[in-house]
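Here the structure comes first, spelled out in structure tokens, and everything after it is commentary.
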Amino acid sequence: MNILFADKFPDKQAAVLRAAGHDCVFNPELGAEDLAGALGGFEVLVVRSTQVSAAAVAAGGALRMIIRAGAGTNTIDKAAAAAAGMFVCNVPGRNALAVAELTLGLILAVDRRIADNVRDLRAGKWNKKKYSTAAGVYGKTIGIVGLGAIGLAVAERAHAFGMNISAVYKPQRPAKAQDFLRALGVDYVDSMEQLAAAGDILTLHVPQSPQTRKLVDAKLLARMKPGAILINTSRGDVVDEAALIRAMDEKGIRAGLDVYAGEPGAGEGEFTSALAQHPNVYGTHHIGASTDQAQDAVAEGVLEIIAAFADGKALHCVNAPLQAAAEAPE
């Protein structure tokens, strides 16, 4: 098959694809606006952060599958792909450990004001008195919103730090996950409002969807303790950014954020955000899954999807219902 990679892809897995007889083109510099003009003749498109619009889908005359080298597929127009008879597939769960690691890193960075320490040291300033006032995380309560692969990995690591773990009770969780959470001593509450009120830290690990858009709004933020920490390594739209800014100004909420509303679709670019620039925010550049370990694991998942597609199967297809509707006879 002819495969276009519009983002970086590890050399090791690229060699496996070539050895299997696939024609691969790697163009990680492609941006969303360039994609439509680059798709001619390719049967498979692999992307990480590059947005795939309806216009790009329409330009992919030979395109049969779009693979998101990661879990979230909100940057791909799945409906347009389905209408064009294209499968959209993802690689779920392979980057969970990397995102969980960043989540704990942000919690510690906010509590110990690590970035401010570094800034002052680089400026030649010594202020041990100022930075010796951290609360610490041992014995604190962390509320985890979303207990998929990432949320479970966060729970495991939070437990290792001696934190108390809280979550909203959902009886439909798989038995294996329930057993795991029971072993960690998770305390269940009945609602998001109770979770926000009880926690010293609230961390978000949910997909982007109409149901999760602005899940953290003014009402929920009002339930959080003054000075509590909000962590978001999921998607920017999950948080009402204007409401979070007000909560930081009015009650000292602190935030560790890896994602933002309207963040650039490319790897580099200008980005102006009142939230990202707020002094109570410790931010990173949507790098949750960007470790070598995670990228190797995701790349292995991409290989599995391509091998399955060569055998006539669409593995981890996320637009299957749309696909079926698009192919149904009138």
Side-chain angles (χ1 to χ4, degrees), residues 32 47-54 56-57 66-83 86-96 98-100 102-103 143-155 167-174 177 189-193 195-196 202-221 223 230-244 255 257-265 275 286 288-289 298 301 305 314-326:
V47 295
R48 281 183 58 198
S49 57
T50 302
Q51 296 180 359
V52 185
S53 65
V57 168
I66 302 169
I67 301 174
R68 162 70 165 96
T73 57
N74 57 292
T75 55
I76 300 171
D77 194 321
K78 294 182 287 294
M86 301 174 193
F87 296 101
V88 176
C89 300
N90 70 344
V91 185
R94 302 294 181 96
N95 57 18
V99 179
L102 180 62
T103 297
I144 302 177
V145 183
L147 285 171
I150 296 172
L152 291 174
V154 170
V168 175
Y169 178 71
K170 291 186 178 180
Q172 69 272 26
R173 288 195 181 100
V189 297
D190 295 324
S191 68
M192 280 280 294
E193 288 74 21
L195 193 68
L202 189 67
T203 183
L204 311 175
H205 305 286
V206 294
Q208 184 183 52
S209 71
Q211 291 72 36
T212 62
R213 187 173 184 274
K214 294 189 177 180
L215 179 69
V216 178
D217 57 10
K219 181 179 178 181
L220 193 71
L221 288 162
R223 299 297 298 271
L230 176 71
I231 302 293
N232 187 14
T233 56
S234 57
R235 288 293 183 268
D237 286 350
V238 173
V239 174
D240 182 332
E241 294 194 345
L244 177 55
L257 308 176
D258 187 45
V259 290
Y260 315 86
E263 65 188 46
L275 178 62
H286 201 152
V298 168
I305 293 172
L315 189 64
H316 302 309
C317 181
V318 298
N319 69 336
L322 297 171
Q323 185 81 21

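Quantities reported herein were computed from a predicted structural model and do not represent experimental measurements.
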note = Heavy atoms of Gly70 and Val298 approach each other most closely as N-CG1, 3.8 Å
ask   = Just how far is it from atom CD1 of Ile144 to atom CG of Leu202, taken to the nearest 0.5 Å?
value = 10.0 Å
key: Any residue meeting side-chain contact (heavy atoms from CB on, under 4.5 Å) with Ala96, in chain and number order, not counting sequence neighbours   = Ala149, Ile150
query = Can you name the residues that form a side-chain hydrogen bond (donor to acceptor under 3.5 Å, both in side chains) with Gln211, not counting sequence neighbours?
reply = Ser209
query = Side chains of Ile231 and Leu204: does their closest heavy-atom pair fall under 4.5 Å?
reply = no
inquiry  = Are the side chains of Leu195 and Val145 in contact, using a 4.5 Å heavy-atom criterion?
reply    = yes
request  = Would you name the heavy atoms of Lys78 and Val88 that are closest together and state the gap between them?
outcome  = CG-CG1, 4.2 Å
ask   = Do the side chains of Leu244 and Leu221 get nearer than 4.5 Å, heavy atoms only?
value = yes
message = Holding to side-chain contact (heavy atoms from CB on, under 4.5 Å), I want the full list of residues that pass it with Leu315, two or more places apart in sequence or in another chain.
response = Glu304, Ile305, Ala308
inquiry  = Using side-chain contact (heavy atoms from CB on, under 4.5 Å), reason through Val238 and Arg213 one step at a time and then give a plain yes or no.
reply    = CA-CA 5 Å; Val238 173; Arg213 187 173 184 274; over 6 Å; no
query = Between Leu152 and Ala177, which heavy-atom pair has the shortest distance, and what is it?
reply = CD1-CB, 4.3 Å
ask   = Under a 4.5 Å cut-off applied to non-hydrogen side-chain atoms, are Leu215 and Met192 in contact?
value = yes
task = List for me each residue that meets side-chain hydrogen bond (donor to acceptor under 3.5 Å, both in side chains) alongside Asn232, sequence neighbours excluded, and say none if there are none.
result = Ser234
query = Partners of His286 by side-chain hydrogen bond (donor to acceptor under 3.5 Å, both in side chains), sequence neighbours excluded?
reply = Glu263
query = Taking all atoms of both residues into account, what is the closest heavy-atom pair of Pro92 and Ala71, and its distance?
reply = CA-CB, 4.2 Å
remark   = Residues at least two apart in sequence or cross-chain that pass side-chain contact (heavy atoms from CB on, under 4.5 Å) with Ala98, listed by chain then number, are Thr291, Ala294
request  = Measure across Ile66 and Ala81 and return the closest heavy-atom pair with its distance rounded to 0.1 Å.
outcome  = CD1-CB, 4.3 Å
request  = For Arg235, check salt bridge (Lys or Arg N to Asp or Glu O under 4.0 Å) against everything at least two apart and list the hits.
outcome  = none
inquiry  = Distance alone, cut at 3.5 Å: any donor-acceptor contact between the side chains of Thr103 and Thr233?
reply    = yes
query = Just wondering, do Val216 and Asp240 contact through their side chains at under 4.5 Å, heavy atoms?
reply = no
query = Quick one: are Lys214 and Asp237 in side-chain contact, heavy atoms under 4.5 Å?
reply = no
query = Between atom CG of Leu275 and atom OH of Tyr260, what is the distance when rounded to the nearest 0.5 Å?
reply = 7.5 Å
query = Heavy-atom distance under 4.5 Å between the side chains of Thr50 and Thr75, does that happen here?
reply = no
query = Can Val168 and Val189 be said to form a side-chain contact (heavy atoms from CB on, under 4.5 Å), step by step?
reply = CA-CA 5 Å; Val168 175; Val189 297; 4.3 Å; yes
note = Sorted by chain and number, sequence neighbours left out, side-chain hydrogen bond (donor to acceptor under 3.5 Å, both in side chains) with Arg223 holds for none
inquiry  = Less than 4.5 Å apart, side chain to side chain, heavy atoms only: is that true for Val91 and Arg68?
reply    = no
task = Work out which heavy atom in Leu147 is nearest to a heavy atom in Ala167; give both atom names and the distance.
result = CD1-CB, 3.6 Å
